Amino acid sequence: LSLLEMHQLQYVLLNRNYSFVDKSEGSTEPPIVALITLVGLSKAGSFLMDCLSPPDTKADTKADADAEVENTNSSNDSNLPLDAIATQLASRPKLLYWFLFQVFTKRPDMYVKFPTTSVPPLTITNLHRAQFSLFLDYANESEGEVISEPMTSTSMTVDSDSPFMSFLRATIPHGGVDAVTVRERLGSYRGGRTDNPVFARELAFVTEKFGKGTLDEAKEVLNLYLLGAKNLSMAVAFAERDTTHSKDLWKMLVEHCTISDPSSDASEKGALFGSLLEAAAHCGADLASLVSSIPEGMSIEGLRPKLIAAIADYRHKVRIHEYTADALAEDKVSLLRELCHLSRRGERGIDMKMKDGAHKKESQSSNKLSLLQRQRMKSGTATMRHPSSFSLSIR
């Protein structure tokens with residue numbers, strides 16, 4: 001790697017004549033694959049990210065791209081086009097998946113963020129579609145063996161976005177990956193089961209953000225959070241966030257926490273409903289309606305301390321909002337005073353300038369008038385001292 005960087009020999013990696021021949025397997029590997037095999041993923045990833053350059057939009061066909069690589073100038077020898085690397089890694093899908101994820105996380109400026117154009121290049125959108133398929137193939141290998149656990153208070157934490165969710169959030173608006181296609185493929189991959197934990201959060205995210213906003217879609221998203229992801233806090237946050245169907249979603253939540261599992265005893269149902277109260281208090285929901293919907297005979301352990309803590313937390317949040325509003329009002333008043341003061345100073349300055357200009361004009365006119373008077377006086381005295389003579393000669 002040091003030799004390549006010192007002598008700027010990166011263009012050699014784009015020449016297919018330098019392919020590596022594996023005699024044991026009888027296969028030919030592209031130069032990029034050979035480099036990764038030689039130095040490892042970590043060092044090769046850093047090297048490729050440092051030398052990465054945007055794809056060439058002028059080369060529309062594969063032949064044009066190969067010709068462009070062959071005619072690489074010395075000034076661009078240190079650059080490795082994104083599409084050229086992806087073409088070499090196409091024979092190794094896992095390496096391509098690794099490389100595109102590295103580009104997505106470390107070089108988003110040339111993959112998902114385009115400050116100078118609103119329409120990404122066609123090469124980039126094709127790579128988006130390829131990466132989506134690779135996500136379906138490899139992103140869930142470790143999650144395929146997830147064991148379904150009952151929803152308790154331990155499943156209340158709101159996790160951050162998964163890498164797949166971050167990818168969908170960034171690429172769907174560009175048009176390379178269509179939201180309808182994503183929903184269809186995720187649904188078929190999950191087998192149509194609502195309780196399947198595989199890609200439950202991703203499907204819920206796409207349905208919520210890019211769906212039609214109907215009641216059926218809202219119920220589908222809520223079931224994905226409750227039955228698929230088994231995350232009560234996410235379900236409560238979604239019910240509070242969807243103001244259009246919030247009433248129906250809260251009704252579903254209460255039914256899920258009270259009569260979802262008839263085989264469970266009253267204590268388990270009470271623990272689940274207590275977790276619902278905690279999640280609702282954390283999201284700022286209406287606790288009075290939830291308490292009034294507690295069925296008769298249900299025992300919730302520690303209900304009173306939970307309600308007291310929720311009310312105290314609510315009062316604390318209200319107090320914070322009040323302090324923030326007071327500080328905002330004080331800042332607004334001070335800014336208005338400052339603007340008023342500056343505007344008054346500006347008017348005074350304008351008035352002073354106008355007065356100064358009028359005074360200068362008056363002084364100039366008075367000076368001219370006095371000068372004219374002096375000239376007239378001088379001419380009058382001159383005529384008195386030297387009277388004009390008149391002579392007439394008659395011949």
Side-chain angles (χ1 to χ4, degrees), residues 149-162 165-166 169 200-202 204-205 207-209 211 213 215 217-258 260 267-295 298-337:
E149 298 179 356
M151 184 181 299
T152 58
S153 59
T154 58
S155 59
M156 287 179 52
T157 58
V158 179
D159 300 330
S160 59
D161 287 351
S162 62
M165 286 180 61
S166 301
R169 189 190 301 274
R201 292 178 55 195
E202 288 77 6
F205 165 75
T207 305
E208 178 185 357
K209 296 297 182 181
L215 179 59
E217 289 182 348
K219 290 181 179 180
E220 180 185 356
V221 173
L222 188 66
N223 287 326
L224 287 171
Y225 284 134
L226 289 175
L227 305 177
K230 297 189 181 300
N231 196 307
L232 185 59
S233 183
M234 285 185 176
V236 172
F238 171 69
E240 191 68 15
R241 186 168 59 247
D242 191 356
T243 56
T244 306
H245 312 101
S246 181
K247 184 177 179 180
D248 297 326
L249 296 179
W250 275 108
K251 185 178 179 181
M252 289 180 59
L253 279 171
V254 173
E255 292 178 356
H256 175 79
C257 295
T258 53
S260 60
S267 60
E268 293 181 358
K269 293 181 180 179
L272 187 57
F273 200 90
S275 301
L276 177 62
L277 288 174
E278 292 182 8
H282 183 73
C283 295
D286 186 11
L287 295 180
S289 60
L290 286 179
V291 173
S292 62
S293 61
I294 297 177
M298 177 179 288
S299 61
I300 301 176
E301 184 178 358
L303 177 61
R304 183 172 182 177
K306 290 178 180 179
L307 292 177
I308 292 175
I311 293 173
D313 183 52
Y314 176 75
R315 290 177 177 175
H316 183 65
K317 290 181 179 179
V318 171
R319 195 176 297 111
I320 291 175
H321 285 293
E322 290 176 353
Y323 289 156
T324 306
D326 294 339
L328 179 61
E330 292 177 0
D331 294 342
K332 185 177 180 180
V333 171
S334 62
L335 288 174
L336 289 175
R337 287 177 179 175

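Because the structure is a prediction, the values reported are computed rather than measured. Excluded from the calculations below are hydrogen atoms, water molecules and symmetry mates; all remaining heavy atoms, backbone and side chain alike, are included.
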Who pairs with Ile320 by side-chain contact (heavy atoms from CB on, under 4.5 Å), at least two apart in sequence or on another chain?
-> His316, Thr324
To the nearest 0.5 Å, tell me how far Leu335 CG sits from Leu328 CG.
-> 9.5 Å
Single hit among Leu277, Leu272, Leu290 for side-chain contact (heavy atoms from CB on, under 4.5 Å) with Cys257 = Leu272
Thr244 versus Leu215: any side-chain heavy-atom pair under 4.5 Å?
-> no
Minimum heavy-atom distance Ala239-Ser246, with the two atoms named | O-OG, 3.1 Å
Hey, does the side chain of Asn223 reach the backbone of Lys219 with a donor-acceptor pair shorter than 3.5 angstrom?
-> yes
Minimal heavy-atom distance between Ser162 and Glu202, with the atoms involved, is OG-OE2, 2.6 Å
Which residue pairs pass the salt bridge (Lys or Arg N to Asp or Glu O under 4.0 Å) test with at least one member in residues 234-254, sequence neighbours excluded?
-> Glu208-Arg241
Non-hydrogen atoms of Leu226 and Ala235 that approach each other most closely | CD2-CB, 3.5 Å
Give, for atom CD of Glu278 and atom CG of Leu307, the distance between the pair rounded to the nearest 0.5 Å.
-> 10.0 Å
Any side-chain heavy atom of Trp250 sitting closer than 4.5 Å to one from Leu276?
-> yes
Those residues that, when tested against Glu220, pass side-chain hydrogen bond (donor to acceptor under 3.5 Å, both in side chains) (two or more places apart) | none
On a heavy-atom basis, the closest approach of Gly213 and His245 is O-CE1, 3.0 Å
Identify the heavy atoms of Ala279 and Ser233 that sit nearest to each other, and give their distance.
-> CB-CA, 4.3 Å
Which atom pair, heavy atoms only, marks the closest approach of Asp161 to Ser166?
-> CB-OG, 3.6 Å
side-chain contact (heavy atoms from CB on, under 4.5 Å) partners for Ala204, two or more places apart | Val221, Leu224, Tyr225
Rounded to the nearest 0.5 Å, how far apart are CG of Asp313 and CD1 of Ile308?
-> 13.5 Å
